[in-house]
Amino acid sequence: CAELPETTGRTNGARADAVATLVAAALPAGSMVAVLGLAYKPFSDVVEQSQGLRVAEMLAGAGLRVVACDPLASAPAKSVVQGTIEMRDTPAECLREADAVVVATPDPAFAMLDPALFASDSASPRLVVDCWRLLRQPLEHLAGVRYVGVGLSSDDDANAARLAALWAPESH
């Protein structure tokens with residue numbers, strides 16, 4: 001049935017749009033966002049119809065500086081983004097100056113990152129939007145991080161509201 005893939009595609013696209021819209025609304029123009037994961041799925045270099053790539057492009061289009069990396073898809077993504085997104089070799093390089101982070105692909109490489117990489121040294125905590133809840137345990141109560149997990153539970157609306165409330169533009 002062709003209806004199922006089409007419906008899945010629309011739903012996934014709407015989810016990516018919602019994440020990008022909320023993150024863009026939470027940050028002042030010119031802020032840097034790190035997007036971890038540009039592949040369509042882990043262990044792949046395919047970027048066609050990738051949610052991470054869609055989020056990154058929307059954030060760049062909203063006036064944010066976007067840096068990104070992916071264990072396997074960085075090279076294919078470079079040919080697609082054509083300079084609108086800055087590619088980095090490692091997650092640590094992406095996180096170094098980021099004001100916010102979006103974990104867009106459930107790649108185990110991201111789950112194994114040192115939680116300290118996500119903490120912010122600045123006065124305001126770093127926003128981490130984890131679309132797969134890969135980092136929930138190590139980051140949920142880490143100082144210097146505002147963790148929001150979305151994507152795998154029925155409380156996504158509550159998390160979206162929490163994100164909007166915590167990171168309303170007037171709070172900056």
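Position 1 is the first residue of the sequence, and the numbers go up from there.
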Legend entry - Nearest heavy-atom neighbours spanning Cys94 and Arg88: SG-CB, 3.6 Å
Inset, instruction - Check whether any side-chain heavy atom of Thr84 lies under 4.5 Å from a side-chain heavy atom of Val66, and answer yes or no. - result: no
Inset, instruction - State, with a plain yes or no, whether a side-chain heavy atom of Asp70 is found less than 4.5 Å away from one of Met87. - result: no
Inset, instruction - Mind listing the closest non-hydrogen atom pair of Phe110 and Pro71 along with its distance? - result: CZ-CD, 3.7 Å
Inset, instruction - Hey, could you give me the OG1/NZ distance between Thr105 and Lys41, rounded to the nearest 0.5 Å? - result: 12.0 Å
Legend entry - Atom pair OG/CG of Ser44 and Leu72 - distance to nearest 0.5 Å: 7.5 Å
Legend entry - Residue pair Asp17, Arg54: steps toward the side-chain contact (heavy atoms from CB on, under 4.5 Å) verdict: CA-CA 8 Å; Asp17 294 354; Arg54 184 174 179 144; 2.7 Å; yes
Legend entry - Considering all heavy atoms, the nearest Ala92-Leu117 contact: CB-CD2, 4.1 Å
Inset, instruction - Can you measure from CG (Leu113) to CG (Leu36) and round to the nearest 0.5 angstrom? - result: 7.0 Å
Legend entry - Value rounded to 0.5 Å, distance of CG in Asp107 from CZ in Phe43: 5.5 Å
Legend entry - Side-chain heavy-atom pair Val145, Ser120 within 4.5 angstrom cut-off: no
Legend entry - Closest contact, heavy atoms only, Ala119 versus Ala143: CB-O, 3.6 Å
Legend entry - Side-chain heavy atoms of Val103 within contact of Cys131, under 4.5 Å: no
Legend entry - Sub-4.5 Å side-chain heavy-atom contact between Ile85 and Val35: no
Inset, instruction - Would you give the length of the straight line joining atom CZ of Phe118 to atom CG of Leu139, rounded to the nearest 0.5 angstrom? - result: 5.5 Å
Legend entry - Arg133 (side chain) donor-acceptor with Gly149 (main chain) under 3.5 angstrom: yes
Legend entry - Hydrophobic cluster membership, Val67 vs Val55, 4.5 Å side-chain cutoff: no
Legend entry - Closest non-hydrogen atom pair, Ala104 against Gly37: CB-O, 3.5 Å
Legend entry - Spacing of CZ belonging to Arg65 relative to CG belonging to Leu27, to within rounding of 0.5 Å: 13.5 Å
Legend entry - Contact check, side chains of Leu95 and Arg126, non-hydrogen atoms, under 4.5 Å: yes
Legend entry - Closest heavy-atom pair and its distance - Ala56, Leu38: CB-CD2, 4.3 Å
Legend entry - Check: Tyr147 and Leu135 side chains under 4.5 Å, non-hydrogen atoms: yes
Inset, instruction - Indicate, with yes or no, if Val23 and Met32 share a hydrophobic cluster defined by side-chain heavy-atom contacts under 4.5 Å among Ile, Leu, Val, Met, Phe, Trp and Tyr. - result: no
